[in-house]
Amino acid sequence: MNDTVPDRGRADCDAVVVGAGFAGLYMLYRLRQLGLTARGFEAGSGVGGTWYWNRYPGARCDVESLQYSYSFSDELQQDWEWTERYPAQAEILRYIEHAAERFDLKRDIRFETRVTAATFDEAAKLWHVETDKGDRVSARFCIMATGALSAAKRPEMPGLEEFGGRWYHTGSWPHEPVDFTGQRVAVIGTGSSGIQTIPVVAKQAAHLTVFQRTPNFSIPAWNEPLAPEKQAAWKANYAEHRARARDTRSGILYEYSQRGTFDVEEPERQAEYERRWGRGGANYTHAFNDIFVRPEANEAAADYVRTRIRAIVRNPEVAEALVPKDHPIGTKRICVDTDYYDSFNRDNVSLVDVRRTPIERVTREGLRTTERDYPFDSIIFATGYDAVTGALDRIAIRGRGGEALRDKWRDGPKTYLGIMIAGFPNFFIITGPGSPSVLTNVVVAIEQHVGFVADCLAHLQSHGIATIEAEPEAEENWVAHVNEVADRTLFPVANSWYMGANVPGKPRVFLPYVGGFGNYTRICEEVVRDNYRGFRVG
Ligand code: N01
């Protein structure tokens, strides 16, 4: 072994893993397989990450159950029985808890403990990690499994402390069920979370007022119980399905059309939109292969959805307010719903356009817009996240020379492959900025990243290498590539959280890698084959 490799005795463990969602748990599993010791830290009192925090009514994944699950253990994927086409939050959480128990992962995790700082000690070649519970742990490797949508964002609205009712954020929901029966409820935000929770709360509340800033495109889920025969047939070919999914743009087995929108005549085009609307889910946006790159193609797909919204919502004024017009379909995350638009046909649901009448403040009784006061018993913030970089930004991370990651990323995140950062040796991010992450089935993306990190650590072990980090030039080139690929699409047009546009002051940069999951995986494999091209070892 290289004598520059730190002595295990000087470190408390080989690796610290921050976060115990899908990513952190699988990382712990792989570290144990490598014979490495690890400490996991998790802010929640249990495992599950996103699915631990997002307990709001209606919370459900919009990737189908049979695909939104681990593939690394065939026994697990064969044994676990899903009950619905799209899994509800409680079922996913049960699944993750089962995986954690099954692989005995909890014993390495300290719960209710938030990592506050991670500092690289150049002399010792160790990371010193600190927590809000006073832990100080040193490790050779620091692995951030902190999630891309975990830093919940409540808008700066004056007066919240005066509010006499109760308020909630969808991304930090109480563990005990909340019953809105008989209440006057506000939901602020109409992204995926708002669109899921609105129909459920509408059925309970005396009155629900939805505060909408930007109308979003939503496709019906047509969720249903998962037929046992369908599940069994899928499981019989699980490995093949998984392999095919990994080779796609999003890690999901959608029907990716090879045809352009205008390669077919209008009636056939409309029939295709209709067929996909009838099947449900984000599969709709793959009806033709130019929807994300050609404005007229996008407009045609968007127009079909607009027509459906107008057909569902009976009040023409409300329908028009719900019709998205300011961004190409799919360039803000497409939503998948159950009865969303239909909720606005209920007598107890009303819509407020906050672009026309912005919310000025929270009052003791409710909300005040520029037009009037609204009394509420409860306010639900479905206002989203400081996405992709937020969770990292909330930790004081310092690399070589004491450089703060926050400073390095002031004008936007810079990574190599979305996994490592120049100047931050032995520091890994699972599904970090510049990787396909949020544009994919994130479980598939997580497994690929964790696999990359585990293989990299095995390489370091077998070659007696102490540190690895991205070369600045490789990082610059990757960032340029990520931007260049995004600029070939319609994504940068939208004011989306993909662009950081939902957080005041956040640099406007397209955060994920849109070059496709399959392509990205091939790039990672080539990098490894070329002896970790673009990485520097020490
Ligand atoms: O958050 P969002 P989300 N005043 O940022 C509005 C995943 N997810 O929690 O669009 C008024 O999408 C904001 O308006 P605007 C999925 O990847 C998946 O809903 O910024 N409104 C927007 O309408 C998703 O994309 C699932 O103009 C304000 C909403 O709040 C991601 O998580 C389920 C406001 C926020 O929407 C995030 O979804 C849930 C203000 N000051 C989430 N600030 C599934 O798998 C913000 N808004 C189904």
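Numbering of ligands and ligand atoms starts at 1, following listing order.
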Exercise. If you count the atoms of ligand 1 from 1 in the order shown, which ones are under 4.0 Å from a heavy atom of Lys332?
Worked result: 10 (O), 15 (P)
Exercise. Hey, which atoms in ligand 1 end up nearer than 4.0 Å to a heavy atom of Arg355?
Worked result: 27 (O)
Exercise. Hey, is ligand 1 close enough to Trp497 that some N/O pair sits below 3.5 Å?
Worked result: yes
Problem set entry | Within-shell test, Val438 vs ligand 1, heavy atom, strictly < 4.0 Å | no
Exercise. Parallel, tilted or perpendicular for Tyr284 and Tyr273, by the 30°/60° rule?
Worked result: tilted
Seminar exercise, completed: To atom 27 (O) of ligand 1, the nearest of Thr170, Val63, Thr214 on a heavy-atom basis is Thr214
Exercise. Do Ser218 and Asn216 have side-chain atoms, one donor and one acceptor, less than 3.5 Å apart?
Worked result: no
For this session: Do me a favour and list the nearest non-hydrogen protein atom to atom 46 (C) of ligand 1 with residue, atom name and distance?
Result: Arg213 NH2, 3.5 Å
For this session: Among Phe180, Phe163, Phe381, find the one that has a ring pair (Phe, Tyr, Trp, His ring centres under 6.0 Å) with Tyr168.
Result: Phe180
Problem set entry | Residue pairs fulfilling side-chain hydrogen bond (donor to acceptor under 3.5 Å, both in side chains) with at least one residue in residues 187-205, sequence neighbours excluded | Tyr56-Gln196
For this session: For Ser193, counting its heavy atoms only, list the atoms of ligand 1 lying under 4.0 Å from any of them.
Result: 3 (P), 9 (O), 19 (O), 38 (O), 39 (C), 42 (C)
Seminar exercise, completed: The salt bridge (charged side-chain N to carboxylate O under 4.0 Å, His left out) partners of Glu156 (sequence neighbours excluded) come to none
For this session: State whether a side-chain donor-acceptor pair under 3.5 Å links Glu84 with Asn223.
Result: yes
For this session: Identify which of Pro215, Pro324, Ser192, Ala221 has a heavy atom lying nearest to atom 24 (C) of ligand 1.
Result: Ser192
